[in-house]
Amino acid sequence: MVFLTSFIESIQLPKKKSIFKLNRIGMDAVVIYMFILLAIVSLPNLINQLRVGSELSEKIGSFFYLIYFFIFHYLVVVVLVFIVISIIAYLATKLTQMSGRKLHYSILWKMVAFSTTLPFLLYTILAFFYNLNDNFLWLSFFYTFLLLYKIITTYPKRKK
């Protein structure tokens, strides 16, 4: 239930109500949500590779090909996305300091993770119909950074 709530609220970002609802979700649920979201993002690539019937999948069989795909595609994507989310959250901490807001790294990390939902879903839908380059995902992080700026400015400034 928490994942469905997270999904619905993350689509509604940067509404103030959604921001504060998503902040109440625990970090463990956010990480699992990202694993699920990245599995959905990887589906078009998996289906495309299985459909093409590559030499590798014929040699090693479908089950072992799924394991191969998990190790050499999904895990690499997860690691890269988590690194980029962490870098964006770190940059956002500097932005919050400059803007005089009081936000911690963990809150910013969650907001970055949730703000990637819409671009990742758009990528997934488009990847089923068009052969997209993974550079589209990098553009999604630019969108995420802009959305994060709106989220940061939603919070009140520090009292002096």
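Every heavy atom of this structure was used, including side-chain atoms; hydrogens, water molecules and symmetry mates were not.
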Check: L146 and Y149 side chains under 4.5 Å, non-hydrogen atoms: no

Distance-minimising heavy-atom pair for P119 and T144: CG-OG1, 4.3 Å

Beyond-backbone contact of T153 with R101, side-chain heavy atoms, under 4.5 angstrom: yes

Contact summary for L22 and K110, nearest pair of heavy atoms: O-NZ, 4.3 Å

Under 3.5 Å side-chain donor-acceptor pair for T116 and Y143: no

4.5 Å side-chain heavy-atom contact, L95 and L108: no

Common cluster, L43/L80, ILVMFWY with side-chain heavy-atom separation under 4.5 Å: no

Minimum heavy-atom distance between S115 and L147, given as atom pair plus value: CB-CD2, 3.3 Å

Those residues that, when tested against A113, pass side chain to side chain contact (heavy atoms under 4.5 Å, CB included) (two or more places apart): V30, M34, I85, W109

Centroid-centroid under 6.0 Å between F7 and Y33 rings: no

Within-4.5 Å side-chain heavy-atom neighbours: M98 and K94: no

Approximate separation, where rounding is to 0.5 Å, of L122 CG and L139 CG: 11.0 Å

Cluster link L91 to M111, ILVMFWY, side chain under 4.5 Å: yes

Over 12 non-hydrogen atoms of neighbours within 6.0 angstrom of OH in Y105: yes

I11 CD1 to L121 CG distance, which is reported to the nearest 0.5 Å: 6.0 Å

Side chain to side chain, H73 and N45, heavy atoms closer than 4.5 Å: yes

Note, S42 side chain near F70 side chain (heavy atom, < 4.5 Å): no

Exam field: side chain Y74 to backbone F35, donor-acceptor pair closer than 3.5 Å: yes

Gap between atom CD1 of I32 and atom CE of M27 - 0.5 Å precision: 12.5 Å

Nearest heavy atoms of T124 and I40, plus distance in Å: CG2-O, 3.5 Å

Check against ring pair (Phe, Tyr, Trp, His ring centres under 6.0 Å), Y130 and Y123: CA-CA 10 Å; Y130 304 106; Y123 172 81; over 10 Å; no

I83 with V76, same ILVMFWY side-chain cluster at under 4.5 Å: no

V31 with V79, same ILVMFWY side-chain cluster at under 4.5 Å: yes

L38 vs V81 side-chain heavy atoms within contact, under 4.5 Å: yes

Least distance between heavy atoms, V2 atom then A29 atom: CG1-CB, 4.3 Å

F128 atom CZ: more than 12 heavy-atom contacts under 6.0 Å: yes

